[in-house]
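Have a look at the structure below, then the notes.
Order of the sequence lines sets the chain letters (A, B, ...), proteins ahead of strands, with each chain counted from 1.
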Amino acid sequence: MTDVPTPPAAGPPPDRCRAAPRTEAEAVALQESLRSLLVRDESGPPADGTGTVAGVDVAYDDARDLVAAAVVVLDAGSLDVVAEATAVGPVPFPYVPGLLAFREVPAVLRALDRLDDLPDLVVCDGYGVAHPRRFGLACHLGVATGLPTIGVAKSPFTFRHDDPGPARGAFSPLRDGAEEVGRALRTRAEVKPVFVSAGHRVDLDTACAHVLRLTPRYRQPEPVRRADRRCRDALAAAVAAGAHHPA
DNA sequence: GCGACAG
DNA sequence: ATCTTGTCGC
């Protein structure tokens, strides 16, 4: 029997999306496997101020083997916080460039599980398809949840780009060789750009449109700023409560 | 072989 | 990510 092509986006995310590799080689192999589930032909939720947008971020205390994740959901129009959740646990994987998802995604999934209602879009602090194997953090989280995701990073990783014009909204392509894998997008005039890439079920134009709507004042998207603050608070609270996972 | 290297 | 004082500017 010949295998029938697997219809992406259909049905619940397979269990291997939550698999915990023990070695770098296993992690790389898992990324190459999960990559086939990534949906890149949807434009994504419209960036018109409707619906909800969540920001996710993670903070660490490696000495205590603690990771804290936060998800903060905002109304896409008013940017008011409508829900939030956190999760704390042991650090599942060391930091290895290109394998960040295995360090961050497990705790983020537990935080998302605690929400009553899922958001229409998730903004990640890191990359989507701008990744050595085209499967960065935002792609991994998207495939694992089925939700539309985008990546907004603060540094260009290994990719090349020209400096965008000085005005807010100016952008230039972020390239891996000749391929455009994302964009350097200026979210504040005269301020260092952020690096936007598509994750799961969202295209690059729509991703950038969302990022501009989510940055009325600061360089980083409001949902991510809020999540950054919340995960740091959650980590501090866990440490204060004596939570730790020593060897 | 030696750097560079999202968070 | 995290360690960390002061300093410049709106």
Contact class for [X] vs. all strands (heavy atom < 4.0 Å): base, sugar-phosphate, or nothing?
X      : answer
A/L99  : base
A/D57  : sugar-phosphate
A/A130 : nothing
A/Y60  : sugar-phosphate
A/G98  : base

Stacking check: are the rings of A/Y95 and B/dG7 less than 5.5 Å apart at their centres and under 30 degrees in tilt?
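Stacking is present between B/dG7 and A/Y95, given that their ring centres fall under 5.5 Å apart and the planes under 30°.
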Nearest heavy atoms of A/H161 and A/A184, plus distance in Å
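Heavy-atom minimum between the residues: ND1-CB, 3.9 Å.
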Measure from [atom1] on [X] to [atom2] on [N] and round the result to the nearest Å.
X      : N      : atom1 : atom2 : result
A/K154 : B/dA6  : NZ    : P     : 10 Å
A/D61  : C/dT2  : CG    : C1'   : 9 Å
A/R188 : C/dG9  : CZ    : C1'   : 11 Å
A/R232 : C/dT4  : CZ    : P     : 14 Å
A/R160 : B/dC5  : CZ    : P     : 11 Å
A/D125 : C/dA1  : CG    : C1'   : 10 Å
A/E104 : C/dT2  : CD    : P     : 10 Å
A/R217 : C/dC10 : CZ    : C1'   : 9 Å

Pair A/D162 + A/R175: basic N to acidic O under 4.0 Å:
no
Electrostatic pair A/K154-A/D125, nearest N-O below 4.0 angstrom:
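A salt bridge is present here (some side-chain N lies under 4.0 Å from a carboxylate O).
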Is the A/H140 ring parallel, tilted or perpendicular to the A/F135 ring (thresholds 30°, 60°)?
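Tilted, since the angle between the ring planes falls between 30° and 60°.
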Worked check of ring-ring contact (aromatic ring centres under 6.0 Å, His included) between A/H131 and A/F157
CA-CA 9 Å; A/H131 178 275; A/F157 203 7; 7.1 Å; no
Name the closest nucleotide to the A/T158 side chain, picking from B/dC5, C/dT2, B/dG7.
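So the side chain of A/T158 is nearest to B/dC5.
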Tell me whether the OP1 or OP2 atom of B/dC5 has a side-chain N or O from A/S155 closer than 4.0 Å.
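Checking A/S155 against B/dC5: no side-chain N or O falls below 4.0 Å of OP1 or OP2.
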